[in-house]
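Report on the structure given below.
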Amino acid sequence: MNSGPKQSTGPSSTGGRPADSTAGSQHMSHAVDRARRLRHELRTPVAHILGYSELLEEEVAEHDQPALLVEVRRIHGLGEQLLREVDALFQAEPEAATARRWRAFKRRCRRSLSALRESCRQLQDAASTLSQTNLSSDIGNIEAACEAMLALLDAPQSSNLKPAG
Amino acid sequence: MLSRRLQRRGYKVVVAVAGDQGVSLARVSAPDLILMDMSLPVIDGWEASRQLKAHPETALIPIIALTAHAMSGDRERALSAGCDDYDTKPVDFARLLSKIDALLARSGSG
């Protein structure tokens, strides 16, 4: 079944305006693609932070370690905050995600990531003190996700990836 | 990470790291359900889902599409590729478990 969008093929329908409108829609399509790619790239490390912190929460709860649970939940909360930041950046139309908003977004993300890394350090120390060395690799995975997100925010290509405006 | 969480819940999990591998593995191991990452290398999750649903041996295996895109239209795109349900990453684990249980119950594997 052919139910796709109708295409203009006749000369009478390909004057100046449709050509302009094609260029405009291509520009819009690129902006949407760019926003989509950036959103995906930013959400991936956040998904790791949230996933590994939930995994840690399950493991810590199983071993009945309330002292560790507080820090794990703090990490999870910071991950949720990052997710809200990413989603808020793209909530409006891609064109609305201007360079100024992008810079403010990066500042806020860096703050959260810095707090996350500090929490990971504290959790590693506390886990080590309590001989919960099984948690170490998952904490390391969260730290790696923080580094990945920082690299994404700082990478030269992020200026190509950043929303238009 | 997701496989570890599922294993902790008692699920037996086999993992493929590329779309073509996922299609082959599904034919060999005939899983009760497939969690399909849509950003897989070699062939992506959209194409892997189409291939699985087009093959009689794997057509009835429920597929839940997982994507970090979370853009409008992704759900419809996943369903049109043959996926039975759709969820976004970061995964809400409780919600995913309820989707898994619902699909397993529907297919009689639960």
Side-chain angles (χ1 to χ4, degrees), chain A residues 1 3-4 29 31-63 75-94 134-135 137-142 144-145 148-149 152, chain B residues 1-11 13 15 17-19 35-41 43-50 53-54 64-83 85-101:
Chain A
M1 184 181 3
S3 59
S29 166
V32 169
D33 281 350
R34 191 169 52 219
R36 191 185 173 96
R37 196 168 62 247
L38 177 58
R39 187 167 190 250
H40 177 261
E41 297 231 4
L42 290 168
R43 281 173 68 101
T44 298
V46 179
H48 288 169
I49 291 166
L50 289 170
Y52 281 112
S53 63
E54 285 170 15
L55 198 54
L56 279 169
E57 190 171 337
E58 287 172 14
E59 286 173 9
V60 164
E62 252 176 35
H63 291 92
I75 289 170
H76 191 264
L78 287 163
E80 285 181 325
Q81 194 175 314
L82 278 172
L83 183 63
R84 281 193 297 274
E85 292 288 354
V86 172
D87 286 345
L89 184 69
F90 297 99
Q91 220 159 32
E93 292 300 309
N134 55 313
L135 306 179
S137 76
D138 286 335
I139 301 169
N141 287 330
I142 294 172
M149 185 153 187
L152 193 59
Chain B
M1 172 219 310
L2 189 53
S3 61
R4 275 174 60 198
R5 297 187 77 187
L6 289 166
Q7 283 163 346
R8 289 167 68 92
R9 294 289 199 287
Y11 292 96
V13 181
V15 179
V17 294
L35 294 175
M36 182 69 78
D37 186 330
M38 303 316 264
S39 304
L40 287 172
I43 62 169
D44 63 23
W46 316 100
E47 178 55 27
S49 299
R50 273 185 221 104
K53 290 297 182 181
I64 300 178
L66 295 177
T67 171
H69 288 294
M71 301 294 272
S72 63
D74 273 354
R75 183 185 171 83
E76 288 68 27
R77 205 173 149 216
L79 297 181
S80 72
C83 297
D85 209 337
Y86 163 90
D87 216 329
T88 56
K89 293 188 282 184
V91 165
D92 178 330
F93 195 58
R95 187 177 64 197
L96 180 65
L97 286 178
S98 73
K99 288 182 177 183
I100 290 173
D101 289 345

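Residue numbering restarts at 1 for every chain, and letters A, B, ... go by the order of the sequence lines. Just so it is clear, the model here is predicted, and its values are computed rather than measured.
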Evaluate the salt bridge (Lys or Arg N to Asp or Glu O under 4.0 Å) criterion for residues B/Arg4 and A/Glu58: first the C-alpha distance (whole Å), next the side-chain angles of each, then the deciding distance (0.1 Å), finally the verdict.
CA-CA 11 Å; B/Arg4 275 174 60 198; A/Glu58 287 172 14; over 6 Å; no

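Looking at heavy atoms from C-beta onward, B/Val91 lies out of side-chain contact with A/Glu54 at the 4.5 angstrom threshold. A 4.5 Å side-chain heavy-atom check between A/Asn141 and B/Met1 finds every atom pair outside the cut-off.
If you measure heavy-atom distances from A/Glu80 to chain B, you find no contacts under 4.5 Å at all.
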